[in-house]
Enquirer: 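Quick one: this structure, given as structure tokens, is what I'll be asking you about.
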Amino acid sequence: MVAPRVEISEAVVERGRARLLGPVTCAFAPAPITAVMGPNGAGKTSFLKLLHGLERPRGGQVQWAGATPREQSYVPQRAIVLRRSVRENLALPLKLRGQASDARVAQSAERLGLTALLDTHAPRLSGGEAQRLALARALITGPKVLFLDEPTANLDVPGLSRVEEILVEEAARGTRILLCTHGVAQARRLADAVIWVAGGQVHAPLGAAQFFSDPPDVARQFLELM
Amino acid sequence: METAPLISDLAEITLRSLRVSVTAVILAAAIGIPFGAWLAVTRFGGRRAAVAVLNALMGLPPVVVGLVLYLLLSRSGPLGVLDLLFTTWAMILAQVIIVLPLIASLSHQVLRDLWAEYRDLLVSLGATRRQRIWVLIWDARRSLLTAVLAAFGRAVGEVGAILIVGGNIDHLTRVLTTAVTLEVSKGNLTFAVALGAVLIVISLAVSLALHALSKAERVRPW
């Protein structure tokens, strides 16, 4: 299996006349877990969306090798839940691919503690439950690359621990995870590499040990405040 | 007029009214909902103009629709060969033209908002355009049904266009609204009032159905 690798050249993300990100030029093979960090409004979400193809660059391009867009999954900061039951939400990615779903839905629900909620109308879930549902749905197709935007923002401590355990398990299976987080402690616990994003500029990934022991100047002040 | 023929006429006219309007609304929904959905998920040059035209068509004067359709369907018109003028199919066609923009525009508004909510998920999952449209329509089915019921209310109460293309022929194209106009002109107010009462009952039934749908949705989503 070819390890996923991405090449970004001169990519710019704009909304109207405002430039949100870029120009970004870099190439890397994502580490098992890569934390994408930076201050609020730095462009982290735009960067994840650019990588996954949800943002089309105004200029430049993004090219993946070893993971097609269908082999990637994305969980946004605010979980998107379909106006259907939890079971139907989980089954959708498989149905769209014409795959059988019952066993995998049950397995996935159990893993994220959603079994008792399978027949609940998903819009009635709490924020934390919706976030677990979004993660379960993203994992159900067995993606090679998983993009997570603040996946634990609404979770209580047991929920957060469970999700972190699952991310470690997934990374061990070979899934490459790119995780937007404000939590320095979380990044220290989980990340193998860190990509720093600030002011719409993306800095090349650094090993997590190096990043936290000797942070680049652009990140030092932020880390000292945390 | 004796009571028995009055009731049988009333039943016949009511059933014809329902058959014409229900058929028209089903046809308009079958075209208008997918079109509204397509418009919601597709970006192309001129899209805003297309939406503006669609919204403007909601206000089409029915009499003008009837007149244009009459010219098209009359023997010397381009569609005269179909021999549809003064048939219930001509009336159905007129009602489709009147309610299609209403259904398409309301569907577009509902599905555009849902698309804004679902877009990232469906694009991320690699859903094809057809799959995106189907997911949106399924998840918005309650709101879409409301739009369809509203369209039915408009269709069943319409008189101008179907009077022109249907001709208000007894036992053939006479429906509730055209019968009311005829009976009033004849001074037969008793029958006119009975016909009007049936129309009001149908309108009330549509309103109650809308209310029940919204209540059922609050209690138990379906």
Side-chain angles (χ1 to χ4, degrees), chain A residues 45-46 48-56 64 67-86 88-99 101 119-125 130 133-149, chain B residues 29 33-34 36-38 40-45 47-48 106-149 210 212-222:
Chain A
T45 297
S46 298
L48 279 200
K49 287 186 168 185
L50 174 73
L51 286 172
H52 185 37
L54 290 175
E55 287 283 3
R56 286 182 186 278
W64 279 93
T68 64
R70 279 206 134 194
E71 293 170 324
Q72 306 171 7
S73 287
Y74 171 76
V75 179
Q77 197 167 356
R78 268 186 62 188
I80 301 169
V81 292
L82 301 170
R83 297 174 189 174
R84 305 173 177 207
S85 68
V86 169
E88 288 167 311
N89 265 270
L90 288 173
L92 183 75
L94 300 172
K95 277 192 176 166
L96 293 178
R97 288 166 165 78
Q99 297 170 4
S101 58
D119 293 316
T120 304
H121 192 54
R124 292 188 173 166
L125 297 178
L133 167 59
L135 180 59
R137 192 178 51 204
L139 288 172
I140 205 162
T141 52
K144 289 184 180 174
V145 181
L146 176 62
F147 300 98
L148 302 169
D149 195 350
Chain B
I33 293 175
W38 178 81
V41 303
T42 311
R43 294 289 171 271
F44 58 92
R47 183 176 160 276
R48 280 169 190 265
L106 292 176
S107 301
H108 169 252
Q109 286 169 33
V110 167
L111 298 172
R112 179 194 57 196
D113 293 346
L114 195 59
W115 175 240
E117 196 179 318
Y118 283 7
R119 181 200 173 266
D120 280 358
L121 175 65
L122 293 177
V123 173
S124 171
L125 292 175
T128 62
R129 181 174 296 161
R130 186 183 289 238
Q131 288 174 327
R132 293 172 193 182
I133 286 174
W134 176 242
V135 169
L136 290 179
I137 290 176
W138 181 252
D139 281 16
R141 59 194 181 279
R142 292 165 284 271
S143 307
L144 295 176
L145 189 55
T146 305
V148 168
L149 284 174
L210 286 171
L213 272 178
S214 104
K215 195 174 171 190
E217 171 58 12
R218 281 196 303 273
V219 176
R220 182 181 162 80
W222 47 277

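Here is how names work: the chains are called A, B, and so on, in the same order as the sequence lines, proteins then strands, and each is numbered from 1.
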Enquirer: If we ignore angles and hydrogens, is there a donor and acceptor under 3.5 Å between the side chains of A/N89 and A/R84?
Expert: no

Enquirer: Tabulate, in ascending numerical order, the residues of residues 130-140 of chain B having at least one heavy atom closer than 4.5 Å to a heavy atom of chain A, or enter 'none'.
Expert: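 The list, in residue order, reads B/Q131, B/V135, B/W138, B/D139.
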
Enquirer: Working note: A/W64 + A/V145, criterion side-chain contact (heavy atoms from CB on, under 4.5 Å); need CA distance, chi angles, decisive distance, verdict.
Expert: CA-CA 10 Å; A/W64 279 93; A/V145 181; 4.0 Å; yes

Enquirer: If I measure from the heavy atoms of chain B, does A/P76 come under 4.5 Å with its side chain, its backbone, both, or neither?
Expert: neither

Enquirer: Once side chain to side chain contact (heavy atoms under 4.5 Å, CB included) is applied, do any residues pair with B/P34, and if so which ones, sequence neighbours excluded?
Expert: none

Enquirer: Give the minimum heavy-atom separation between B/W38 and B/T42, together with the two atoms involved.
Expert: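 B/W38 and B/T42 have their closest heavy atoms at O-OG1, 2.7 Å.
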
Enquirer: Could you check A/E55 against A/L48 for side-chain contact (heavy atoms from CB on, under 4.5 Å), going step by step and ending with a plain yes or no?
Expert: CA-CA 9 Å; A/E55 287 283 3; A/L48 279 200; over 6 Å; no

Enquirer: Using a 4.5 angstrom heavy-atom cutoff, name the option from A/R70, A/Q72, A/R78 with the most pairs to chain B.
Expert: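 Looking at each option in turn, the highest pair count goes to A/R70.
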
Enquirer: Looking at side-chain heavy atoms only, is the closest gap between A/V75 and A/F147 below 4.5 Å?
Expert: no

Enquirer: Among side-chain atoms of A/H121 and A/S85, is any donor-acceptor pair under 3.5 angstrom?
Expert: no

